[in-house]
Amino acid sequence: MSYLCHLQLPKRSLHIGISLLNLHLQYQTRFSSSSSSSSSSDSTVTPPVSHTFDLSRVSKLITNQKWSDLKTLTKQTNPNSFLHVLLQSGLDSDLVLHYFKWSEREFGVSHNVELYCRLFQLLANSKKYGKIRSLLHDFVEKDEMHTNSSIFHSISVTGGGFCANSIIVDMLILAYVYGSKTDLAFEAFLRAGDYGFKLSLRSCNPMLNLLVKERKFAVVEIVYKEMIGRRIELDVITFNIVVKGFCKAGKLKAARDVVEDMKVRGFSPSVVTYNTLVEGYCKNGGAGKMYTADRLLKEMASDNVHPSESTFNILIYGFCKDKNLSAAMKVFKEMQDQGLKPGVVTYNSLINGLCKEGKLDDALCLRDEMVGSGLQLNIITYNALMHGFSKKKMLKEARELLDDIGKKGLAADVVTFNTLIDAYCKAGKIEEAIELRNVMMDKTVFPDVATYNCLVGGFLREGKLEAASKLLDDMENNGLRADVITYNIRLNALCKKGESRKAAGLLDEMFERGIRPSHLTYNTLIDGYCSEGNLRAALNMRARMEREGKRPNVVTYNILIKGFCEKGKLEEANGLLNEMLEKGLVPNRTTYEVVKDEMVERGFYPDIDGHLYNVSVNS
DNA sequence: ATAGGGTTAG
């Protein structure tokens, strides 16, 4: 048996050959005192089986943990070849494992891939799956981690049987997933297909989930299709993860298609499926999203799936994001009518929505109601409230909230401090803001990019340019990298000063640093040019925006239309308005105001077929 | 140790 393996060695990749050889040499030097039992022509670590191997004696030694005796015994050959013998001896798999771990610790080495694979197979055949799992977990965390190529090769060469090998590969992928080694997991998934191993949902679902978390949506799609192609039996969870992937990618139509697909395959969407879809619409749905979300709720009812607390929470969140607080409150009431108790998340969503709209009193009422119903405020509740006080410029109350958090046994987090720091900056109290940064560091809450963004914005608003750039250096020296928001803040400051050209220069710097501009980046620049009356540059920036893959949005058009109106170029403004409508963009309240003030009042009626007015009625 | 919700900076 062991010689069979030697014969297969030349087939290995050079890389593996070398690493085996290295290991071999290591052993040779380490155990040079032992009688040379391995012949020099033998290119593996495995010398011929020792004649003096006494299985029952070894078994007893391992069982009784007589490690020093074992050490003497193994020195007669070497620990690696000794293991080789054990693996084939028929010795109980637990004892082999015990020896395996001891020898790695004792001799400070790692056994080679092939021995690992043999051990996995031995364990698999005695159904010790938990042990394989924990071994694999350590295995993939090793510095000298082995390639998938060598693992798959070893597994198929040492011949553990189809089922055992499939299970091992399954657990290998799972180990990669737990170690967040996404690319390796996916590679192993593909290789499993090549080798014809049958994977289970035990590995596929967690891998899909990790891919979604890391926003590798294209790969999610590939895996999903592969799973169907390989006839892996999917379950509702698989579909839910894939739906979530499409939703996060903003491909809501594709997400709905997956739901249809799951129905066709005989699965009923669960409440989680629906919640995922509703969340997708709430977060990425664009205009009219809450209408679709509402329709989904009806579809849910007709499918006899009952909404959960989460369902309502998502809807409340969506309406709050739309600033439609009356709708959010309606949902809040509706859930209670249906016998569901609002939880901390429900209250937090509403309190946050109210605070953002400046309805601090209502938010405080809800907080009291929350406490009254026996719920504990958490740090997110406090952060939302702190934001509410800050918006109202009630700095004293915001600051008191910080002390309150401590008294309640909660820990202020980076968001808490950032909110307060921003409030101080916006009130022009930058010294206090900087002081707060020191306070947070004393409490081992470390500033992040947002902290610096608040402070940099504060300095820039005050016109303290050197202080701002010193802070930016400070940030990078602390290992924090500027992000798109940092740049937007700087761009905005330059544009406000009438230095839009200079701001546009920062755009190139962003690309050099691999920071993708956002819609707001371009819109800020376009706005800057418009304010300077440089409409030509504004239009050029819009063209650049499109070239660089960002579609002008309603805000872009609003800025441009306003710019043209202010220059008295109503004809062109009207042209832009119609262009916007042709592109299917829905005008908003600002559009309406721009049009009304600058055009309609001057007797210039835009050709917009009443569309605009409907929107203003809704909002 | 496989699926769903809430907070800050532009």
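To find a chain, count down the sequence lines: A is the first, B the second, and so on, and within it residues start at 1.
Side chain of N240(A), nearest nucleotide from dG10(B), dA3(B), dG6(B): dA3(B). Among the nucleotides dA9(B), dG6(B), dG10(B), the one closest to any side-chain atom of S349(A) is dG6(B). Taking only side-chain atoms of I485(A), from C-beta outward, the nucleotide of dT7(B), dG10(B), dG4(B) with the closest atom is dG10(B).
Taking side-chain N and O atoms only, K426(A) has no distance below 4.0 Å to OP1 or OP2 of dT8(B). When the side-chain nitrogen and oxygen atoms of K391(A) are compared with OP1 and OP2 of dA9(B), none of them lie within a distance under 4.0 Å. For dT8(B), one of the phosphate oxygens OP1 or OP2 lies less than 4.0 angstrom from a side-chain nitrogen or oxygen of K356(A). Look at N209(A) and you won't find any side-chain N or O under 4.0 angstrom from OP1 or OP2 of dT2(B). One finds no side-chain N or O of H519(A) lying less than 4.0 angstrom from the OP1 or OP2 phosphate oxygen of dG10(B).
Between I351(A) atom CD1 and dG6(B) atom P there is a gap of 15 Å when expressed in whole angstrom units.
Residue-to-nucleotide contacts include a donor-acceptor pair under 3.5 Å from the side chain of N378(A) to the base of dG6(B). Between the side chain of S308(A) and the base of dG4(B), at least one donor-acceptor pair of N or O atoms lies under 3.5 Å.
Side-chain contact between K496(A) and L460(A) is absent, with no heavy-atom pair separated by less than 4.5 Å. Inter-residue side-chain proximity for K127(A) and Y129(A) is flagged as met; some heavy-atom pair is nearer than 4.5 Å.
Residue contacts shown for V344(A) include a base, since a base heavy atom lies under 4.0 Å away. Among the heavy atoms of the strands lying under 4.0 Å from L520(A) is at least one base atom, whether or not backbone atoms are also near.
Centre separation under 5.5 Å together with a plane angle under 30° holds for the ring of Y178(A) and the six-membered base ring of dA1(B), marking them as stacked.
Cation-pi geometry between K283(A) and Y317(A) is met: under 6.0 angstrom from the ring centre, within 45 degrees of the axis.
S349(A) and N352(A) share no donor-acceptor pair across their side chains, judged by distance under 3.5 Å alone.
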